[in-house]
Amino acid sequence: MGRLILRRLLATVPVLLLVTAGVFTLIHLTPGDPIDVMMSESADATVKENLRRELGMDQPIYIQYAAWMGRLLHGDLGHSIRNREPVIENVGKRIRPSLQLAGLAMAISLIIATPIGILSAARRNTSVDRVGTSFALFGICMPNFLLALLLIFFFGVKLRWLPISGYTDPLEEPWLGLRSLVLPAITLGLALAAVVTRTLRSSMLEALSEDYVRTARAKGLSEWRVIRHHVLKNALIPVVTVLGLQLGTLIGGAVITEYVFALPGVGRLVVDAVFARDYPLVQGVVLLIAVGFILSNLLVDLLYGWIDPRIRYR
Amino acid sequence: MSRTTSDVNPRGEVSRRNFLRLSALASAGLASGAATLPALAQTAPKKGGTLRVGFYLEASTMDPHLSGSKVDRQIYHNIYEPLIVLDTNLGLKPGLAESWQQPDARTLVLKLRRGVKFHDGTDFNAEVAKFNFNRMKTEPKSVRKGEIASIDTVDVVDAYTIKINLKRPDAALLATLTDRAGMMVSPKVIQERGSELERNAKGAGTGPFEFVEWIKDDHLLIKRNDNYWNKQGGPYLDRIRYRPIPDDTVKLQSLQSGEIDVIDYVQPRDVAAVKADRNVSVLDVPSLAAFAYQLNQTRPPFNSKPLRQAVAYALDLEQIVKGVWLNVGVPANGPVPPTSWAYDKSIPYIKRDLAKVKAKLAEGGKPTGFPFTITTANIPINVQEAEVIQAQLSEAGMQVKIKLVDAATQLSDGNTKNFDMISYQWSGRPDPDGNIYQFFKTTPGMSLNWSGISNPQIDALLDKTREASSREERKKLYGELTRILQDELPMVYIVHPIEPKAFSLRVQGYEPIPDGMMRFRTVWLK
Amino acid sequence: MAGSIRGSDIAEPAPAIARAVTAPPMRERRWVVLRHAARTRLAPLGVVVMLAALVVAVLAPIVSPHDPLKQNLGNVLAKPGRAHLLGTDNVGRDVLSRVVWGTRVSLVAGLGSVAIAVVAGGLLGLLAGYAGGQADGLVMRLMDAVLSFPPLVLALALGAVLGAGLTGVVIALGVVYTPTFARLMRGQVLTITAREYVEAARALGAPGWRIAWHHVLPNAMAPLVIQASLSVAFAILAEASLSFLGLGIQPPGASWGSMINAGRGYLQQAPWIVFGPGAALFITVVGLNFVGDAVRDALDPRLRT
């Protein structure tokens with residue numbers, strides 16, 4: 001197992017190289033540069049040139065890339081051009097809201113999806129099932145920016161039950177913090193719930209058609225007993241893996257939700273950095289997101305391989 | 001709540017008085033007079049409370065000498081103080097400088113206020129002022145260099161008097177000193193903290209509030225300076241908390257739901273609804289800003305003057321201001337806003353004239369029209385305006401494509417002159433020089449003169465405006481400039497927006513100054 | 001899921017897709033498809049929606065009641081009524097007409113980007129699976145790199161480089177979806193080339209590319225078709241999300257997403273500006289999902305639920 005992990009980890013190195021080269025090239029190809037954006041109302045050409053030279057931006061692009069890689073190999077991800085703070089610190093400050101949002105969204109999705117998924121599978125092809133699958137469809141097809149707008153409109157403005165913007169850390173102020181995260185977490189969680197419902201339903205149906213279940217039924221055990229003791233555990237495994245895979249996407253991908261609800265998360269950080277052409281920040285954050293994604297995939301693959309010995313990778 | 005009478009007379013003149021009157025009348029519950037928030041007659045200001053402010057953007061830096069963005073200024077005007085301040089009529093009043101004289105056109109003597117201390121306890125005096133000016137001139141990353149380019153040296157005459165020696169006459173300098181170029185920073189903080197000042201401005205200013213903390217993209221906190229030198233009229237608030245809320249609709253909804261107390265700008269489309277909302281009060285603040293489009297003179301099609309004029313005659317400014325800006329603003333006759341003393345109301349804005357368009361098209365050799373692209377920023381109101389302009393121009397025979405870009409690309413396209421017609425918003429400066437000089441002066445290389453205009457008559461006039469000493473003289477020169485600019489058309493001016501600000505009903509005592517900066521010294525919470 | 005651009009390819013656990021490979025041979029499959037389609041009540045609904053969308057898109061000039069570009073500043077934000085069934089927007093344009101014309105944009109975005117992804121991904125997967133060895137390694141690393149790249153950043157950056165406009169978005173989305181199809185194709189190729197008829201063809205001396213083209217490709221298409229039908233729905237949603245952030249079709253043209261974005265500020269005063277395109281978006285995506293599910297169920301009885 002250890003050798004497998006090592007091999008897989010080594011295999012990620014060329015992938016990361018490609019990612020860094022890709023983002024470097026891409027961001028440097030976009031028109032505009034960070035100095036112009038930072039000093040938009042000033043026409044001071046010499047100051048701008050000085051700044052550019054200081055940041056090494058007057059060098060040819062491959063030299064800039066080599067310099068960046070060199071610093072990277074020493075563990076230095078560079079500094080944001082806009083606020084001069086290390087990239088690592090920038091991300092560190094933003095990871096907490098993103099993680100909390102992702103965690104809450106996953107919890108909400110499980111709370112919603114588990115009963116619906118189980119019931120749908122247990123009462124297959126009845127009206128309960130149809131309601132369940134319709135809900136799943138709805139969640140997948142609903143554009144999440146539209147959902148966010150509607151949630152804000154009803155719960156924030158009309159009913160005034162929940163705050164519609166801003167972030168309070170639940171670890172510091174539990175009640176206020178949770179309230180500030182509820183609407184965005186529902187926005188993300190609903191779509192997740194839809195995916196989880198489908199996965200749970202299909203994996204439960206599969207498990208229910210297994211031989212040992214037929215045996216248990218033949219022995220006279222009640223349906224509910226069968227589900228609880230034999231089926232559920234196995235059926236949840238794919239759910240866990242799906243959620244695990246989504247975690248990687250949620251961290252860097254909840255951009256629209258973060259924008260609409262004004263949450264200081266990682267998604268907004270990287271998108272704002274792209275708009276501001278903050279090259280080091282974009283490069284560093286994309287690299288970190290890619291690493292996170294790859295690691296979470298690796299984890300899920302290994303978990304899956306370990307749980308189901310039939311699936312082994314060469 | 002639409003006005004039925006035209007706010008501009010048929011000849012297209014908007015008087016300054018009317019502009020200010022419009023704004024005052026438009027505010028909630030006022031009859032006439034200065035535009036302030038309604039204060040309960042017998043209630044005296046009381047201390048206390050946290051004011052929660054929602055802005056659209058995050059600040060970039062806390063160092064006023066290195067700042068290049070508009071949002072920073074909002075914070076600066078509460079924690080730092082300039083030598084000279086503006087009043088509600090854009091008049092110059094004493095700030096950290098008690099009085100000033102100009103013995104000759106190249107000398108400015110400022111007598112500084114005594115008894116002022118920085119938040120870190122050090123004194124403000126002539127040496128400090130000289131230190132600040134030197135820093136602005138010599139610090140490699142200083143963005144103020146261009147603004148004080150006319151300053152040669154600064155001498156300390158005595159402990160509270162400085163003499164500024166100019167390289168050339170600069171009539172706009174005093175107005176420039178009302179903003180970042182006149183803001184005094186504690187030398188001790190600069191020396192001890194260096195570049196960390198950009199993120200942490202504790203102790204650095206002399207203003208009615210002092211910096212507490214700044215958590216990027218989350219909030220910026222400042223608190224009352226109990227040792228503020230001016231013991232009258234505030235500050236009252238305990239703390240002010242700024243929050244960046246990038247989404248306009250969410251920002252407004254946050255105000256309406258009571259999560260924040262102040263927002264710096266209400267979109268024209270929301271103004272009517274907000275005015276009808278009883279939980280919120282709105283103040284229409286006339287601004288110094290202008291919304292315009294630069295026409296690229298360095299390449300076809302707009303290297304041809306008749307074609308530029310064709311565009312100007314094809315635009316219906318009234319329709320744009322009414323349909324897009326919903327009358328939250330007035331049509332512009334040029335770069336000088338109606339709030340300015342230099343505004344010449346006798347110069348009408350360019351009115352639509354399809355016959356003239358035909359003539360100009362023919363003169364320019366394109367009688368059946370010509371295609372070009374409008375580059376504009378990806379903001380809802382820009383998009384809407386561009387679409388309306390597109391429709392107006394197509395009626396006149398010009399086929400326009402719209403190119404939406406993000407801010408960085410827009411700046412890049414403008415700086416490299418990679419555009420035909422590009423949108424340009426200027427937040428405005430108290431002295432007309434700040435709205436005019438750098439846009440129209442012949443400047444080789446990259447500059448804010450995106451259109452590339454190089455006209456010796458304009459250049460000469462621009463220099464004269466800086467040398468002239470009296471306002472009357474300068475006003476006449478700016479009038480001449482406006483007329484020439486309406487003919488040469490390096491920029492097509494559309495509107496001088498009004499910038500409505502909205503407050504929760506608890507907020508009292510706000511005094512709006514037309515530069516759009518929100519100063520909270522006089523504000524208290526009910 | 002609607003929140004991420006990539007959507008459904010992450011939704012299904014790997015074994016489920018792997019099992020799609022073991023479908024019954026060709027001849028019987030057609031029967032199964034039709035029988036199953038007849039049984040599922042939802043599939044016809046999905047097909048109706050899809051056909052309706054196609055018809056509306058193609059016949060937009062005829063179907064649309066007004067000129068979608070015609071402004072009328074005297075009649076802005078009008079409520080839905082006889083003259084304007086879905087009301088007017090903030091410059092007085094007929095919302096229904098814009099929704100109708102927006103169908104074209106959305107379908108082009110959805111179909112275009114998936115077409116690019118299927119062709120590019122399919123070819124790359126075919127190459128990787130069939131050639132094996134170093135080519136396989138290189139292609140798969142490249143695909144992994146694209147997959148780990150945050151899709152929104154990729155789309156934003158590509159959009160800024162390729163210039164604003166629908167083309168940029170379609171290409172960006174095509175790139176984002178390519179790895180999915182490449183992986184699927186590669187997996188299929190690996191399984192199929194192990195089958196007897198391929199071995200037989202090889203033994204008979206047929207050249208590699210011919211085997212790939214005539215034997216491997218047709219049999220490998222099934223999962224790709226399934227994935228494609230699902231991806232189109234997600235691509236349409238993704239285009240809407242991207243125009244929410246300011247990328248995509250340039251004004252005055254409209255896509256459903258850009259209409260929702262533009263109408264966002266008027267939600268309280270004139271909600272029809274948002275709900276018109278919102279409903280169209282939702283219905284189309286749901287319909288496409290029905291079709292996709294039906295296709296999947298039909299092509300793989302084991303997954304039938």
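What you see below is based on every heavy atom in this structure, not just the backbone, and it leaves out hydrogens, waters and symmetry mates. Every chain is numbered from 1, with letters handed out A, B, ... down the list of sequences.
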Exercise. Can you name the nearest heavy-atom pair linking Pro251(C) to Glu387(B), along with the distance?
Worked result: CB-OE2, 3.3 Å
For this session: Indicate yes or no: at least one non-hydrogen side-chain atom of Asn90(C) is less than 4.5 angstrom from one of Arg269(B).
Result: no
Exercise. Roughly how far apart are Leu73(C) CG and Asp316(B) CG, rounded to 0.5 Å?
Worked result: 9.5 Å
Would the number of heavy atoms belonging to other residues, nucleotides or ligands and lying under 6.0 Å from [atom1] of [X] be above 12?
X         : atom1 : value
Arg183(C) : CZ    : no
Lys501(B) : NZ    : yes
Lys358(B) : NZ    : no

Exercise. Side chain, backbone, both or neither: which part of Gln267(B) has a heavy atom under 4.5 Å from chain C?
Worked result: neither
For this session: With a 4.5 angstrom heavy-atom cut-off, could you sort out which part of Val383(B) is near chain C: side chain, backbone, both or neither?
Result: side chain
Problem set entry | Among the listed options Val388(B), Asn378(B), Thr409(B), the residue most often paired with chain C at heavy-atom distances under 4.5 Å | Val388(B)
Problem set entry | Proximity of residues 389-401 of chain B to chain C, residues having a non-hydrogen atom under 4.5 angstrom | Gln390(B), Ala391(B)
